[in-house]
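Hydrogens, waters and symmetry mates play no part in the numbers below; they use all other heavy atoms, side chains included.
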Amino acid sequence: MSVDSEAANLPIEAPVPEKAEHPFRRFVSQYCHSPVAIVGLVVLVAIILVALLAPWISPQNPYDLGQIDVMDARLAPGETDFTGEKVYMLGTDDQGRDMVSAIFYGLRISLTVGVISGLIALSIGAAIGLLAAFYGGRIDAFIMRIVDLQLSFPAILIALMLLAALGRGVDKTMIALVAVQWAYYARTVRATALVERQKEYISAATCLGLGRARIIFRHMLPNVVAPLIVVGAVQTASAISLEATLSFLGIGLPVTEPSLGLLIANGFEYMLTGKYWISVFPGLALLVTIVSINLVGDQLRDVLNPRLSR
């Protein structure tokens, strides 16, 4: 018997399929390729933890009148109080509040307003964008004309007009931020959903007689989540920045619940007198927060859509 015939009689072993990498592990491995993104994520997690734990880790409650003293007003960083017992690492503001504690509490309020308003705007915008893409025709044209009209105006102008009519308050500021942001989500979702609308699985679901609501939110929505995550990260940073601007102008949050923007405004009048720390340190906290969110959002964009990677 020849060697070829013997080889032909040998059993053929099926190739062992490679074990698919878990999506979460693949996502983490791709995300960790960027040291800058890792730094941004670590900083952002630290900021979130500081905001959540502010009542427990702050040296004082800066809004408890029993814990502050006007005798400690405008102390420079590193100075002690009038009794010589307490050291203020970042100084105090014009009311004698510890700047470290004020920044921790300000981060808590800024992140809460930005994240909650972003989630509400994302939900409204995603639903409107999906409906426009699925139904098309006059419904799509009508919705997109409204979106185009809103996006043609500066976001801060719309927020200013709404707050001028509604007044100051946390809830009113959130309403203004939602009204400003929903159009960005609607346009993003609509653009992605239009591509999904033409795919075969949507046609198959329609032929099977599935309800429109089930097709839209059960089948189309999961396929537009990736761009929503990226836009959500960017818009959250934009919402925090816009809220700080509104509070700095004196029409955003009330003085009883100051955010980083209001803390910056409190020390603005003392800048020319050399008491820079009242505005500079909250401003740095706001800058670091926005930059870290943008770094995380940029890396999420690259991971979720490698074609857009730099």
Side-chain angles (χ1 to χ4, degrees), residues 20-28 30-31 37 41 44 48 111-151 155 174-240 293-294 296-309:
E21 187 178 5
H22 193 276
F24 179 74
R25 292 182 179 178
R26 183 172 65 251
F27 178 84
V28 172
Q30 293 177 357
Y31 190 94
L41 181 61
L44 181 59
I48 294 174
L111 288 176
T112 300
V113 173
V115 171
I116 292 179
S117 64
L119 290 175
I120 297 174
L122 185 149
S123 302
I124 296 174
I128 293 176
L130 285 170
L131 292 175
F134 184 81
Y135 288 100
R138 294 182 178 179
I139 296 178
D140 181 27
F142 176 73
I143 292 176
M144 295 315 297
R145 294 300 75 77
I146 296 177
V147 171
D148 293 338
L149 179 62
Q150 174 168 331
L151 295 180
M174 287 186 181
I175 292 174
L177 293 177
V178 170
V180 166
Q181 295 180 85
W182 74 270
Y184 295 97
Y185 295 109
R187 169 165 284 186
T188 301
V189 171
R190 183 248 184 191
T192 308
L194 281 176
V195 178
E196 298 296 325
R197 182 71 176 84
Q198 307 301 322
K199 292 185 177 180
E200 295 180 354
Y201 75 92
I202 297 296
S203 301
T206 304
C207 293
L208 290 174
L210 298 181
R212 294 178 178 178
R214 183 176 181 182
I215 295 174
I216 294 173
F217 296 104
R218 183 76 178 271
H219 298 282
M220 290 181 65
L221 180 59
N223 293 291
V224 301
V225 168
L228 267 182
I229 295 175
V230 179
V231 175
V234 176
Q235 284 301 120
T236 299
S238 177
I240 294 174
I293 293 176
N294 283 325
V296 172
D298 286 344
Q299 187 62 17
L300 286 175
R301 179 202 63 184
D302 296 343
V303 171
L304 296 174
N305 192 349
R307 291 177 296 178
L308 297 179
S309 176

R190 and L194, any side-chain heavy atoms less than 4.5 Å apart: yes
Least distance between heavy atoms, T236 atom then G232 atom: OG1-O, 2.7 Å
Donor-acceptor contact below 3.5 Å, side chain E196 vs main chain A133: no
Side-chain touch I128/V147, heavy atoms, less than 4.5 angstrom: no
Euclidean distance, L111 CG relative to L44 CG, rounded to 0.5 Å: 8.0 Å
Reported OG1-to-CD distance for the pair T188 and Q235, which is rounded to 0.5 angstrom: 8.0 Å
Shortest non-hydrogen separation from A237 to N294 and the atoms involved: CB-OD1, 3.7 Å
Value rounded to 0.5 Å, distance of OG1 in T112 from CD1 in I240: 9.5 Å
Shortest non-hydrogen contact between G129 and V189, atoms and distance: C-CG1, 4.0 Å
S117 side chain to V113 backbone, donor-acceptor under 3.5 Å: yes
Shortest non-hydrogen contact between V180 and A155, atoms and distance: CG1-CB, 3.2 Å
Interatomic spacing from OG1 in T192 to CG in L221 - rounded to 0.5 Å: 11.5 Å
Beyond-backbone contact of L131 with I139, side-chain heavy atoms, under 4.5 angstrom: no
Point-to-point distance, once rounded to the nearest 0.5 Å, from CD1 of I293 to CG of D298: 12.0 Å
Over 12 foreign heavy atoms within 6.0 Å of CZ, F142: no
Spacing of CD1 belonging to I124 relative to OH belonging to Y185, to within rounding of 0.5 Å: 11.0 Å
Smallest separation among heavy atoms of R187 and M144, with atom names: NE-CE, 4.1 Å
Minimum-distance pair of heavy atoms, taken over all atoms of L130 and M220: CD2-CB, 4.2 Å
Close side-chain approach of M174 to I120, heavy-atom, < 4.5 Å: no
